[in-house]
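So the structure is just underneath, and the comments pick up after that.
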Amino acid sequence: MANVKEISRNRIHDGYQLRLQHYSDSLQCEMIFGVFLPPQSETEPVPVLYWLSGLTCNDENFAQKAGAQRLAAELGMAIVCPDTSPRDTDLPGEHDSWDFGSGAGFYINATQAPWSRHYNMYDYVTRELPALVEAELPATEQRCVSGHSMGGHGALMCALKDPGRYVSVSAFAPICHPSESPWGIKAFSNYLGEDRNDWIAWDATQLVCCVEKQLPILIDQGTEDEFLGDQLKTGSLEQACICTHHPLEVRMQEGYDHSYYFIASFIDDHLRYHARALGLMG
């Protein structure tokens, strides 16, 4: 791996969980990402699920808490977990709040100074990181994308903006309509400016109205999620998909909240969902 530095390697379910570091041209800083390589990758390249994590998370949360490696090893699927923002850029106000700046890149390309120099997470997760993974690791160009909360927003938005790049998309408790979510409004107004017309291209609920290829969407949402009403706006996406006949399945999971306990409970369903799209299982 000429262009990446290996930070750690742990054996798990006959595969390996890696933590890798590289310099990102998109973000103009050093970045760390996690990769689970299933045992099948020792003999041939394997397809990849890109997992986008939520606010305050980094590359390690999913790998340590979701318990996805066991089934991914059986299916022959790699899992790549990028960080949630650039790191150590020390921009003014970058570390002042948990829901903006460090740990809260929202997977968009910022247009406003000073954020536009570093906060280009869309280019990073959809272009630069997959190119690096496919060049340096035993990974094919077959890609799926999923994520949680802010990362669920990222997964939906990335798939809707460029559906040909992914075979399938799913999300856990995604921010479905960030233009109307307090979290999204705070991030978009700072990263993109105050003109809401500039926000449309980064909002899943608005993107379903103009997407050229309708990639089916699977969403799991807990009924006891404290952010469901004010922040996540699941109903807005449902209405937009009804109006545009975009295929969407929202599974309301009784009693579940916004935590990784929720993700760990249903991650196997999502892995199988993506595996079927990839042709790894019937």
Side-chain angles (χ1 to χ4, degrees), residues 7-8 17 19-35 50-66 68 79-126 128-129 145-158 171-176 178-179 181-192 199 202-204 225-227 230-232 257-264:
I7 297 173
S8 64
Q17 184 69 45
R19 202 164 185 234
L20 304 173
Q21 184 175 8
H22 74 111
Y23 183 81
S24 167
D25 291 329
S26 301
L27 307 179
Q28 296 290 294
C29 65
E30 292 288 328
M31 291 295 288
I32 296 174
F33 66 99
V35 183
Y50 288 85
W51 173 268
L52 307 184
S53 291
L55 290 165
T56 75
C57 292
N58 61 19
D59 61 286
E60 293 189 289
N61 296 77
F62 181 82
Q64 294 176 349
K65 296 180 179 181
I79 303 174
V80 171
C81 300
D83 205 343
T84 54
S85 76
R87 299 288 177 172
D88 300 321
T89 59
D90 293 323
L91 298 174
E94 184 177 27
H95 313 303
D96 290 354
S97 58
W98 64 271
D99 57 353
F100 176 74
S102 183
F106 269 79
Y107 305 101
I108 65 176
N109 287 342
T111 59
Q112 302 299 300
W115 312 102
S116 55
R117 179 181 177 188
H118 298 288
Y119 278 68
N120 298 299
M121 287 296 293
Y122 177 76
D123 284 350
Y124 179 68
V125 300
T126 64
E128 183 179 7
L129 185 58
V145 64
S146 186
H148 171 233
S149 195
M150 178 188 71
H153 142 74
L156 297 179
M157 178 268 296
C158 289
F172 290 80
I175 304 172
C176 294
S179 297
S181 160
W183 285 336
I185 291 169
K186 181 176 181 178
F188 284 12
S189 59
N190 281 279
Y191 293 141
L192 302 173
W199 302 4
W202 309 102
D203 186 313
D225 190 325
E226 67 268 39
F227 304 117
D230 292 340
Q231 299 283 8
L232 304 182
D257 58 19
H258 199 70
S259 71
Y260 262 87
Y261 296 113
F262 163 55
I263 295 169

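Along the sequence shown, residues carry numbers from 1.
The OH atom of Tyr50 sits 5.5 Å away from the CG atom of Leu129 when rounded to the nearest 0.5 Å. Within the model, atoms CG of Asn58 and CD of Gln64 stand 8.0 Å from one another, a figure rounded to the nearest 0.5 Å. Between the CG atom of Asn61 and the OG1 atom of Thr56 there is a distance of 6.5 Å, given to the nearest 0.5 Å. Atom SG of Cys158 is separated from atom CE of Met121 by 9.0 Å, given to the nearest 0.5 angstrom. To the nearest 0.5 Å, the span separating CG on Asp83 from CG on Leu27 amounts to 9.5 Å. Annotation: the span from Gln112 atom CD to Asn190 atom CG amounts to 9.0 Å, rounded to 0.5 Å.
Checked by atom type, the side-chain pair Asp203/Ser179 shows a donor-acceptor distance below 3.5 Å.
Pairing each heavy atom of Ser102 with each of His95, the nearest pair is CB-ND1, 3.3 Å. Residues Asp225 and Ala173 come closest through the heavy atom pair OD2-CB, 3.5 Å. Closest of all the heavy-atom pairs between Leu52 and Ala155 is CD1-N, 3.6 Å. Across every non-hydrogen atom of Ser85 and Tyr119, the tightest pair is CB-CE2, 4.1 Å. In this structure, Glu94 and Pro86 approach most closely via the heavy-atom pair OE2-O, 4.3 Å. In this structure, Arg87 and Met31 approach most closely via the heavy-atom pair N-SD, 4.2 Å.
Annotation: side chain of Met157 is in contact with side chain of Tyr107 (closest heavy-atom distance under 4.5 Å). Counting heavy atoms from C-beta on, the side chains of Ile108 and Phe188 come closer than 4.5 Å. Inter-residue side-chain proximity for Lys65 and Ile263 is flagged as unmet; no heavy-atom pair is nearer than 4.5 Å. Looking only at side-chain heavy atoms (C-beta outward), Cys81 and Ser53 stay at 4.5 Å or farther from each other. Within the 4.5 Å cutoff, the side chain of Ser24 has no heavy atoms near those of the Phe33 side chain.
Using cut-offs of 30° and 60° on the angle between ring planes, the pair His22 and Tyr124 is parallel. Ring geometry for Phe172 against Phe262 counts as perpendicular: the plane angle is over 60°, on a 0 to 90° scale with 30° as the lower cut. Ring geometry for His258 against His148 counts as tilted: the plane angle lies between 30° and 60°, on a 0 to 90° scale.
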Working note: Trp183 + Ser149, criterion side-chain contact (heavy atoms from CB on, under 4.5 Å); need CA distance, chi angles, decisive distance, verdict. CA-CA 11 Å; Trp183 285 336; Ser149 195; 4.0 Å; yes
Begin with the C-alpha distance, continue with both residues' side-chain angles, and end with the deciding distance and a verdict on ring pair (Phe, Tyr, Trp, His ring centres under 6.0 Å) for Phe100 and Tyr191. CA-CA 10 Å; Phe100 176 74; Tyr191 293 141; 4.7 Å; yes
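For Tyr23, the OH atom counts as densely surrounded, since its 6.0 Å shell holds more than 12 non-hydrogen atoms of other residues, nucleotides or ligands.
Judged by distance alone, the side chain of His153 and the main-chain N or O of Cys176 form no donor-acceptor pair under 3.5 Å. Of the possible polar contacts, one joining the Asn109 side chain to the Asp123 backbone as a donor-acceptor pair under 3.5 Å is found. Looking only at distances, a side-chain donor or acceptor of Asn120 sits under 3.5 Å from a matching main-chain atom of Ser26. Of the possible polar contacts, one joining the Thr84 side chain to the Cys57 backbone as a donor-acceptor pair under 3.5 Å is found. In this structure a side-chain-to-backbone donor-acceptor pair under 3.5 Å is missing from Gln21 to Glu30. For Glu128 (side chain) and Asp25 (main-chain N/O), a donor-acceptor pair under 3.5 Å exists by modelled atom type.
Taking the six-membered ring for Trp and the full ring otherwise, the centers of Trp202 and Phe106 sit at least 6.0 Å from each other.
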